[in-house]
Amino acid sequence: GENVEQHPSTLSVQEGDSAVIKCTYSDSASNYFPWYKQELGKRPQLIIDIRSNVGEKKDQRIAVTLNKTAKHFSLHITETQPEDSAVYFCAAIPKGRAGSYQLTFGKGTKLSVIP
Amino acid sequence: EADIYQTPRYLVIGTGKKITLECSQTMGHDKMYWYQQDPGMELHLIHYSYGVNSTEKGDLSSESTVSRIRTEHFPLTLESARPSHTSQYLCASSEYGSGANEQFFGPGTRLTVL
């Protein structure tokens with residue numbers, strides 16, 4: 001099955017700096033890589049995702065890059081703000097298993113943005 | 001508004017009690033999931049369903065059971081709660097489709113077993 005490793009487990013940055021969270025996956029058949037943000041006491045919510053036919057995707061201050069050869073993908077947050085403080089989860093899902101779209105999540109990164 | 005609803009939001013019960021955590025979605029989704037998560041920690045898939053009358057166990061062994069009699073409803077039952085079941089339980093849903101799709105999460109049920 002798929003195995004997703006996420007680093008770092010905690011990350012502190014000064015407001016305005018950039019934050020980068022990295023994930024690696026094991027199943028070369030994986031083709032969908034979402035990132036979820038979970039604020040304290042709230043439900044996880046999708047913030048950006050990327051599919052294996054794309055190398056990079058941006059949405060305002062967040063971007064995700066995918067390196068299929070190395071089997072890793074990263075979340076980049078620029079100009080961080082205090083409201084970016086949350087736990088971020090990466091995930092991967094393999095292609096081709098009929099009906100078997102179970103996400104495998106990383107263990108999460110707790111991001112703290114210091115004002 | 002389309003959403004995922006979970007009740008109760010908080011539950012404190014004694015050891016040995018039978019409980020059912022409710023999950024309903026008005027998203028029109030076929031697939032539904034249950035995750036166990038200690039606050040801010042890793043998400044563990046414990047059950048999932050492709051549609052009505054379909055249920056599967058997830059990666060994390062769980063003493064709970066689920067049923068899927070209606071598309072919109074996916075309740076989780078613990079026959080005899082224990083302190084080790086204390087955790088947050090998140091329900092989620094997604095479209096079936098031909099490709100992977102976003103999972104939408106409910107607000108969660110925080111369970112404490114004394």
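All chains are named by letter (A, B, ...) in the order of the sequence lines, taking the proteins before the strands, and each is independently numbered beginning at 1. We use all heavy atoms of the structure for the numbers below, so side chains are in, but hydrogens, waters and symmetry mates are not.
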Name the region of Lys107(A), side chain, backbone, both or neither, that has any atom closer than 4.5 Å to a heavy atom of chain B. both

Check whether more than 12 heavy atoms from other residues, nucleotides or ligands sit under 6.0 Å from atom CE of Met27(B), and answer yes or no. yes

If you draw a 6.0 Å radius around CD in Glu15(A), do more than 12 non-hydrogen atoms from other residues or ligands fall strictly inside? yes

In terms of heavy-atom pairs under 4.5 Å with chain A, which of Gly106(B), Gly40(B), Gly108(B) leads? Gly106(B)

What is the distance from atom CG of Asp49(A) to atom CD of Glu102(B), rounded to the nearest 0.5 Å? 7.0 Å

Please check if atom CD in Glu83(A) has more than 12 non-hydrogen atoms from other residues, nucleotides or ligands closer than 6.0 Å. yes

Would you mind checking which part of Gln88(B) comes under 4.5 Å of any heavy atom in chain A, side chain (CB onward), backbone (N, CA, C, O), both or neither? side chain

Are Ile50(A) and Leu103(A) joined in one hydrophobic group, where the rule is that I, L, V, M, F, W and Y side chains link up if heavy atoms are under 4.5 Å apart? no

Checking heavy atoms, do the side chain of Pro39(B), its backbone, both or neither come under 4.5 Å from chain A? neither

Kindly work out whether a path of hydrophobic side-chain contacts (I/L/V/M/F/W/Y, heavy atoms less than 4.5 Å apart) joins Trp35(A) to Leu111(A). yes

Minimum heavy-atom separation for Ile4(B) to Arg43(A), with atom names? O-NH1, 3.9 Å

Euclidean distance, Phe105(A) CZ relative to Tyr35(B) OH, rounded to 0.5 Å: 4.5 Å

What distance separates Glu42(B) CD from Ser9(A) OG, expressed to the nearest 0.5 Å? 12.0 Å

Point-to-point distance, once rounded to the nearest 0.5 Å, from CG of Leu46(A) to OG of Ser94(B): 12.0 Å

Please determine whether the number of non-hydrogen atoms from other residues, nucleotides or ligands lying under 6.0 Å from atom CG of Leu114(B) exceeds 12. yes

Mind checking whether Leu78(B) and Trp34(B) sit in one hydrophobic cluster, side chains of I, L, V, M, F, W, Y counted as touching below 4.5 Å? yes

Which atoms of Pro44(A) come close to chain B, meaning under 4.5 Å heavy atom to heavy atom: side chain ones, backbone ones, both, or neither? both

Kindly work out whether a path of hydrophobic side-chain contacts (I/L/V/M/F/W/Y, heavy atoms less than 4.5 Å apart) joins Val113(B) to Ile19(B). yes

Could you state the interatomic distance from CZ (Phe89(A)) to CD (Gln37(B)), rounded to the nearest 0.5 Å? 5.0 Å

